[in-house]
Amino acid sequence: MKDHQLPPPELSEPFSIGSVTIRNRAVLAPMSGVTDLPFRQLAWRYGAGLVVTEMVASRELVANRGESWARLKNAGMVPHMVQLAGREAHFMAEAAKIAADNGAGIIDINMGCPAKKVTGGYSGSALMRDPDHALSLIEATVGAVDVPVTLKMRLGWDENSINAPEIAKRAEAAGVRLITIHGRTRMQFYEGRADWDAIRAVREVISVPLIANGDVETAADAREILRRSGANAVMVGRGAQGQPWLPAVLAGHAAPQRADIAGIAVEHYDMMLEFYGREAGLRHARKHLGWYLDRFAPEIATPKKAQIMTSRDTAEVADLLRSALSENAGEAARKAA
Ligand SMILES: Cc1cc2nc3c(=O)[nH]c(=O)nc-3n(C[C@H](O)[C@H](O)[C@H](O)COP(=O)(O)O)c2cc1C
């Protein structure tokens, strides 16, 4: 019996990417503008199996752009998985070397991003329209480094060109050690539901581990996507916004107590101010504050929410956030009683 015909694995079990052991099967997705170092540190601390950097543009890293270096930062989390995007084989190879020389233990190639800025530049999911070119990038990246190289992509460009199985098979032959599939086409962007069954067609043609991704929000979703796709692990993106502990919870760790969430949100805010500096930190932190409030204080009055999200007085933001999330915690506890 082939691996993927066996019952789905337990999410708490480790698995391997090449020679690298991954501590469980719930992975935090790379999300540009979201999974920066502070977010990854929180997800990792709670117990995510693996966290991945935001995509780093290979050309910009080679050109030594400061933002690429910020995206590459790690804080002792092992393995350090760095995602690269690009369209020229030599930039991908050079960037992979730079990342590996700076501590990357796994290099992931982005072939899933649907953004026009990225596909117009003929990278991200646009590469799926030209598998030969995609393969030349993959070969160059695999040839440049000793660490495992992995590939993340969608099902295809559109419903008439579902070619993830073909590309996955060729990528495996080129030395890629793991494939992640987001169960949508590029033309779907983020619309509709991810097709978990369609991911199985990739499972059928590769032997390396497969990660299934798309619309996983709960432990039941995680079990179901593994069952339907035959994948070895699950990746969660938007479901973790405002709750960076979600991958850990899917892997069987306890969720934080409701009363502790205010403290976590304030700590996250402080970590962002520290990481980016005050000005950029204020800007980047806003959306995270909004997500915590949407999830855990959904009844907050609009002006109060706006004040928390836009105030430039960091001590005031921390106080207001703490009280908004704690007030709600009291109410939630009373309702539950
Ligand atoms: C804001 C945002 C940024 C993203 N950035 C990246 C990225 O840098 N690299 C990548 O491979 N995918 C990126 N994605 C796609 C996610 O990794 C994931 O494949 C997708 O969101 C589907 O998973 P989900 O339904 O769990 O969110 C991004 C998604 C979002 C919402």
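These figures come from a predicted structure and were not determined experimentally. Remember, it's 1-based here, ligands and their atoms both numbered in the order they're listed.
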NZ/K304: more than 12 non-hydrogen atoms of other groups inside 6.0 Å: no
May I ask you to say whether K73 pairs ionically with D36, meaning some side-chain N is under 4.0 Å from a carboxylate O? no
Decide if atom CD of E217 counts as having more than 12 heavy atoms of other residues, nucleotides or ligands within a radius under 6.0 Å. yes
Got a sec, which hydrophobics cluster with V78, joining ILVMFWY side chains under 4.5 Å apart, including via others? none
Go through D108 and T150 one step at a time and tell me if the side chain to side chain donor-acceptor pair (under 3.5 Å) criterion holds. CA-CA 5 Å; D108 188 51; T150 62; 2.6 Å; yes
Within the 4.0 Å heavy-atom cut-off around ligand 1, the contacting residues, ordered by chain and number, are A29, P30, M31, S32, M55, Q83, N110, K152, H182, Y190, N213, G214, D215, V236, G237, R238
Quick test of your reading of the model: are E159 and R184 salt-bridged, counting only N-O distances below 4.0 Å? no
